[in-house]
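Only one structure is covered here, and it is reproduced in the block below.
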Amino acid sequence: MPELSHRRRLLVLAICCMSLLIVSMDNTVLNVALPSLQRDFHATTSGLQWTVDAYTLVLASLLMLAGSTADRIGRRRVFMTGLVVFGIGSLLCSLAPSLELLVVFRMLQAVGGSMLNPVAMSIITNTFTDPRERARAIGAWGAVVGISMAAGPLVGGLLVESVGWRSIFWVNLPVAFAAIMLTLRFVPESRAPKPRRPDPVGQVLVIALFGALTYTIIEAPDASAARVLPFAAVALAALLGLLWYEPRRAEPLIDLRFFHSVPFSGATVIAVSGFAALGGFLFLSTLYLQNVRGLDALHAGLWMLPMAAPTFLCAPLSGRLVGNRGPRLPLLIAGTAMTASAVLFAAFEAETSDLTLMIGYLLFGVGFGFVNAPITNTAVSGMPRAQAGVAAAVASTSRQLGQALGVAVVGALLASGVGSSSYKDAFVSAARPAWWVLVACGLAVLVLGAITSGRWARRTAEHTADRLQEREVRQAAGVGA
């Protein structure tokens, strides 16, 4: 990729952030519409879970494939294809006549979305070559995720209440079109000097692992053991297959040696934990505000403003802190705030009082606002530049997997606790185990945030980077790994 002017680099960053905005907002904007979908399609709790998780699961399964494909055939080409597919999927979602078809169209949306996030991150990584400037760009990228997450419930509530739930998909169309036009004009084409070869076996194993695991968790409360256990067995077999097969490939889909780096491993678990907390928090909050308190979608979105506002404000601040001081402080703030928020609900039934409900939302918004920007920075720190895109793709995959698992676990616990009762009668007691799961997620962010930013952790990242670099040199010389 040719060296671009500072203004052109910022424009490329803005275009990439546009794609991230619609993909990330789609993760949260639908949550406010869940009760409307439940009424229109007579959906069960598991049906609502699949509406959210079908999107995040496909994203998680295909992100790494999309990233390596872009490196091979051209990043701009794959990026634009993703925008087109995402736009078509959004249009079809707005026309879906049934819950089953909505789930299918959400999966198509996610196929397009999988071509956007990792490819855009690869474009950013190769556009901003100065490490400090790149850190700030990644911080801005992470801030957009926080902003989109914050805006999702409010935008969704306004659209659902004023126009209807189908309108939440219409907003993607003009943004996708504008991003396509700007990409054609301003984003140069680029490819990796030595693109990674496809790993179809690894890709199939990843899809089997994510899909079977999520199915097992979601369907466990209502399905028989004979129906669920085969999927649990498939998930276990896929995991064992990945652990056996991937180290034997010269260019694996997931290079397990990345996990020798403590910052990379920590960032992966932090991403899963932080976004599991987000997915579970939004799922519980939406159902509580509308099905228990009886609020409409707009007022439910307004009630989430105490979460949205600090996320909006703290996400850019977190990005600047990461660029200037590193990821440690943002992760410690995030873990503390998210844990405190979940404890309020789990131990003190915060949802039963307006004041404690608002404080709980405020704390979670602060925590999530600080958690996202450090994840990618921590994951790619110490990695060779050629591997930064792959490392960022794994971090993005971990985010989506975490959100899918958060909705699956929290929804399963809620469904088993509510049983045949109404949400209004049984929600608070049924949701308590789910809130304790979110407490554990917050503690994971806090503890790992402290561990991954220490000197010992940084040394493991440097050692891993050296070994990866040596392997690339040997492969280029034809010596082999």
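Only a predicted model underlies this, so the values are computations on that prediction, with no experimental measurement involved. Throughout, numbering of the chain's residues begins at 1 and tracks the sequence.
With S19 contributing its side chain and C16 its backbone, the two residues share a donor-acceptor pair below 3.5 Å.
Each ring pair (Phe, Tyr, Trp, His ring centres under 6.0 Å) pair with one or both residues in residues 198-235, not counting sequence neighbours, appears once here: Y215-F231. Within the structure, the side-chain hydrogen bond (donor to acceptor under 3.5 Å, both in side chains) test picks out no pair touching residues 266-281 (sequence neighbours left out). The side-chain hydrogen bond (donor to acceptor under 3.5 Å, both in side chains) analysis of residues 79-90, with sequence neighbours excluded, yields the pairs S90-Q109, S90-N172.
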Cut-off 3.5 Å, no hydrogens considered: what does the side-chain donor-acceptor table look like for residues 275-282, sequence neighbours left out?
none

For residues 55-65, dump all side-chain donor-acceptor pairs below 3.5 Å to protein atoms at least two apart in sequence or in another chain.
{"from": "Y55", "atom 1": "OH", "to": "V23", "atom 2": "O", "distance (Å)": "3.0"}
{"from": "T56", "atom 1": "OG1", "to": "D53", "atom 2": "O", "distance (Å)": "3.3"}
{"from": "S61", "atom 1": "OG", "to": "L57", "atom 2": "O", "distance (Å)": "2.9"}

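Residues W50 and L102 have side chains not in contact (no heavy-atom distance under 4.5 Å, counting atoms from C-beta outward). You'll find the side chain of F86 stays beyond 4.5 Å of the side chain of V111, heavy atoms only. Put simply, the side chain of Y245 reaches to within 4.5 Å of the side chain of D199, judged on heavy atoms. Counting only heavy atoms from C-beta outward, the side chains of T127 and L13 never approach each other to under 4.5 Å. Looking at L438 and F364, their side chains never come closer than 4.5 Å, going by heavy atoms from C-beta outward. Within the 4.5 Å cutoff, no side-chain heavy atoms of P188 are placed close to those of R76. Here the side chains of R72 and R191 are not in contact, with every heavy-atom distance at 4.5 Å or above. Looking at heavy atoms from C-beta onward, C93 lies in side-chain contact with R106 at the 4.5 angstrom threshold.
Within a 6.0 Å sphere centred on CZ of R185, other residues, nucleotides and ligands contribute 12 heavy atoms or fewer.
Under a 4.0 Å N-O distance rule, the pair D255/R249 does not qualify as a salt bridge. Salt-bridge check for E189 with R75: failed, with every basic side-chain N at 4.0 Å or more from each acidic carboxylate O.
The shortest non-hydrogen separation linking G442 to T339 is C-OG1, 2.9 Å.
Considering only residues two or more places apart in sequence or on other chains, V171 meets the side-chain contact (heavy atoms from CB on, under 4.5 Å) condition with L159.
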